[in-house]
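Heads up: the structure comes next, in structure tokens.
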Amino acid sequence: AERPDAPAVVWQLLFREALRREDAERSLRAYDQLVRLGVSPEPELSSELCQLCSKAGKLDRAAALLHLEADRERQPGKRAA
């Protein structure tokens with residue numbers, strides 16, 4: 001069972017596994033928990049989640065993730081060289 005008090009590394013593993021299984025609900029739960037813990041998932045994983053949300057018909061979440069990603073891109077010092 002998923003425990004909200006689990007360490008961030010556990011949530012990261014759950015997030016990766018849920019993405020691998022293309023489980024939109026679990027991916028979103030793990031992503032939301034990581035954000036609450038102050039952890040920013042890797043951009044590639046956030047992009048995968050966005051695509052998964054689109055495929056699952058969760059268009060509001062997909063749009064929110066795209067918006068968040070665009071904000072990250074605009075932040076100075078956060079871009080890859």
Side-chain angles (χ1 to χ4, degrees):
E2 295 168 5
R3 294 179 35 207
D5 60 338
V9 68
V10 173
W11 285 104
Q12 287 173 321
L13 292 171
L14 285 170
F15 180 52
R16 287 175 183 271
E17 182 62 16
L19 281 176
R20 190 183 69 75
R21 292 179 183 218
E22 297 188 359
D23 184 334
E25 287 299 322
R26 280 202 167 156
S27 295
L28 285 168
R29 272 200 304 272
Y31 177 87
D32 291 343
Q33 186 63 30
L34 285 168
V35 170
R36 278 192 287 278
L37 292 170
V39 176
S40 187
E42 296 169 25
E44 305 84 45
L45 296 178
S46 295
S47 294
E48 278 184 52
L49 179 58
C50 183
Q51 291 172 3
L52 182 58
C53 285
S54 293
K55 282 201 294 190
K58 297 179 179 302
L59 302 181
D60 288 349
R61 287 303 302 264
L65 288 163
L66 281 174
H67 185 70
L68 187 65
E69 203 55 40
D71 285 349
R72 266 195 214 138
E73 285 290 317
R74 282 192 287 258
Q75 290 178 2
K78 295 276 184 179
R79 279 191 170 155

| said: The criterion is salt bridge (Lys or Arg N to Asp or Glu O under 4.0 Å); which residues satisfy it with Asp60, sequence neighbours excluded? | reply: none
| message | Taking salt bridge (Lys or Arg N to Asp or Glu O under 4.0 Å) as the definition, give me every residue that meets it alongside Asp32, ordered by chain and number, with sequence neighbours left out. | response |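 For Asp32 the salt bridge (Lys or Arg N to Asp or Glu O under 4.0 Å) partners, ignoring immediate neighbours, are Arg61.
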| Do you know which two heavy atoms are closest between Ala62 and Cys50, and how far apart they sit? | O-SG, 3.4 Å
Just how far is it from atom [atom1] of [X] to atom [atom2] of [Y], taken to the nearest 0.5 Å?
X	Y	atom1	atom2	value
Leu49	Leu19	CG	CG	5.5 Å
Asp23	Phe15	CG	CZ	11.5 Å
Gln33	Gln12	CD	CD	12.0 Å
Glu42	Ser47	CD	OG	11.0 Å
Arg20	Glu48	CZ	CD	11.5 Å
Gln51	Leu66	CD	CG	9.5 Å

Close side-chain approach of [X] to [Y], heavy-atom, < 4.5 Å:
X	Y	value
Arg26	Arg21	no
Glu17	Leu14	no
Cys53	Leu65	yes
Leu45	Tyr31	no

| task | Treat each ILVMFWY residue as a node, draw an edge where side-chain heavy atoms are under 4.5 Å apart, and state whether Trp11 and Leu13 are in one component. | result | no
